[in-house]
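Below is one structure, written out as structure tokens; comments come after it.
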Amino acid sequence: MNKETSIQTTFESAKERYAALGVDVVQALENMQKISLSLHCWQADDVSGFENQAGALTGGIQVTGNYPGRARTIDEVRNDVKEALTYIPGNHRLNLHEIYGDFGGKVVDRDEVEPVHFQSWMEWAQENNLKLDFNSTSFSHPKSGDLTLANPDNAIRNFWIEHTKRCRAISEEMGKFQHDPCMMNLWVHDGSKEVPANRLKYRALLEQSLDEIFSTPYSNMKDCIEAKLFGIGLESYTVGSYDFYLGYGAKKNKIVTLDTGHFHLTESVADKVSSLLLFTPEIMLHVSRPVRWDSDHVVILNDDLTDLAREIIRCRALDRVHIGLDYFDATINRIGAYVIGCRATQKAFMQALLEPSALLQQYEAEGRLFERLGLQEEAKSLPWNAVWDMYCLQNNVPVGENYIPSIQQYEKEVTSKRL
């Protein structure tokens, strides 16, 4: 029996097992095919970007490791992303930060950036069946400091307001070009190492900046606002906290971004989904894995991730939740980091789509709580992996661990030669 026949046989057995619990496996596969991940370009080059003036990474974030083979040019980033996508089933998107513009070797300050600097990205994405998402970039700049959009210095604050306005305009052009809305994420690192004398002062400034930035309406992009718990060197106070952005998003009808690494380690991000869906239009996810602090480890299939995916599926909210990844690990092969994190995220959603939710809800409605808990536990060992293998096979990507030798070969032939 060859491997493909074995996968088919195991899949048919799994399909029968799930059918006994009222789960339509074929429908789950169809729904899985509709889930697009937004891959983060910055995993390929350790958040370096292509600004000639860019220096060390600042703004309360940090990349650890120095594994050989970091992408150094736009072409190398693009090639690495394309390579990673050959091991990730489905059709996906690419998320760009503003510092990844095609500046042609010229110095273009961030309050001067224009859609033309991303035209080649739009064309490349179209050629490779990708859609683009976008981010303003407030860190790693001479005017970053500890405060950008919340800076009392009007000159600095206006610089960042102009930058973010231009990023929204770029996102609008991306959305027009690809005939699909571009998700434009706004995150600023603004904060303080110690508690400021007046917390309200800086949050009022941030609100004013956001109001000015969002004053121009667009129809081909969607605004997302992202909170953070703290940044390195800015541990005591974050201006754009979750409470701030949740209030702003609910009041101003903006999408709130939930970065799974931007909360207390014991805090359930999954529990926030149902509340946000009631009061904000949509949700943007940045899937990451914190370890002790927001260390942006490669995403793995753990309880936090599976709980998050289950909650989204239970809320029937796939059409209102956008799934992006956000981590940057420079301690291992970077293409491998892409693939591990993406496939882990997809596996979590595969499990969620295969949950016998109708039966679980029936038990709950009838007050049969023992049966509910018992089935929830047994569902953990249902043969979801057989369905996952079939999903990979249907999408012509390696099944199981078979992607590892191919990535090793790409390292041998390509990335190991980058000095």
Side-chain angles (χ1 to χ4, degrees), residues 47 49 51 54 57-61 96-99 101 108-113 133-172 183-193 195-218 221-259 262 280 284 286 294 326:
V47 207
E51 288 184 336
L57 193 63
T58 68
I61 56 178
L96 296 174
H97 252 285
E98 180 275 336
I99 56 174
V108 179
D109 212 348
R110 295 189 196 173
D111 63 343
E112 300 170 337
V113 65
D133 296 317
F134 201 56
N135 302 260
S136 56
T137 309
S138 69
F139 51 83
S140 302
H141 186 276
K143 293 184 179 179
S144 289
D146 293 343
L147 297 168
T148 59
L149 293 179
N151 202 310
D153 185 324
N154 286 333
I156 293 178
R157 188 163 68 94
N158 288 334
F159 174 90
W160 292 110
I161 288 173
E162 179 63 22
H163 165 73
T164 316
K165 284 181 174 181
R166 286 173 175 258
C167 288
R168 292 185 74 235
I170 292 167
S171 300
E172 173 70 6
M183 308 303 293
M184 157 65 191
N185 192 60
L186 188 160
W187 170 77
V188 294
H189 58 272
D190 297 31
S192 174
K193 183 174 179 62
V195 176
N198 186 344
R199 288 184 173 97
L200 182 62
K201 171 184 176 180
Y202 302 101
R203 288 184 173 138
L205 285 169
L206 179 56
E207 181 188 23
Q208 292 170 27
S209 295
L210 294 176
D211 287 346
E212 183 174 345
I213 288 165
F214 296 140
S215 61
T216 301
Y218 290 120
M221 56 84 69
K222 295 184 179 182
D223 292 303
C224 310
I225 47 179
E226 180 183 356
K228 189 165 185 174
L229 183 61
F230 74 95
I232 302 299
L234 304 169
E235 293 85 358
S236 295
Y237 172 68
T238 298
V239 184
S241 65
Y242 177 66
D243 296 319
F244 174 90
Y245 282 123
L246 177 60
Y248 191 94
K251 183 179 180 181
K252 306 293 176 72
N253 201 38
K254 295 297 180 183
I255 299 171
V256 176
T257 299
L258 295 177
D259 186 308
H262 287 187
T280 60
M284 183 73 217
H286 278 188
D294 177 27
D326 187 2

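All values derive from a computational prediction rather than experimental measurement.
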Next on the checklist: Taking Arg166 first and then Glu112, would you say they form a salt bridge - that is, a charged N and a carboxylate O separated by under 4.0 Å?
Outcome noted: no
Checklist outcome for this item: Sequence neighbours excluded, the answer for salt bridge (Lys or Arg N to Asp or Glu O under 4.0 Å) partners of Asp294 is Lys228
Next on the checklist: Checking side-chain polar atoms at under 3.5 Å, does His286 have a donor or acceptor matched by the opposite partner on Thr257?
Outcome noted: no
Next on the checklist: Show every ring-ring contact (aromatic ring centres under 6.0 Å, His included) that has at least one partner inside residues 148-171, sequence neighbours left out.
Outcome noted: His141-Phe159, His141-Trp160, Trp160-His163
Checklist entry - Is it true that the side chains of Thr148 and His189 contain a donor and an acceptor less than 3.5 Å apart? => result no
Item to check | Lys254 charged N/C atom sitting above Phe214 aromatic ring, 6.0 Å / 45° | outcome: yes
Next on the checklist: Is any side-chain heavy atom of Lys222 closer than 4.5 Å to one of Ser171?
Outcome noted: no
Checklist outcome for this item: side-chain contact (heavy atoms from CB on, under 4.5 Å) with Leu210: of Val188, Ile161, Leu186, only one passes, and it is Leu186
Next on the checklist: Do the side chains of Lys252 and Asp211 get close enough for a salt bridge, i.e. N-O under 4.0 angstrom?
Outcome noted: yes
Item to check | Side-chain heavy atoms of Arg199 within contact of Tyr237, under 4.5 Å | outcome: yes
Next on the checklist: Can you give me the closest heavy-atom contact between Thr280 and Gly249, atom names plus distance?
Outcome noted: CG2-C, 4.0 Å
Checklist entry - Do Arg168 side-chain atoms and Met184 backbone N/O form a donor-acceptor pair below 3.5 Å? => result no
Next on the checklist: I'd like to know if the side chain of Ser236 reaches the main chain of Lys193, judged simply by a donor and an acceptor atom lying under 3.5 Å from each other, with no hydrogens or angles considered.
Outcome noted: yes
Item to check | SB check Arg110 Glu51 (cutoff 4.0 Å) | outcome: yes
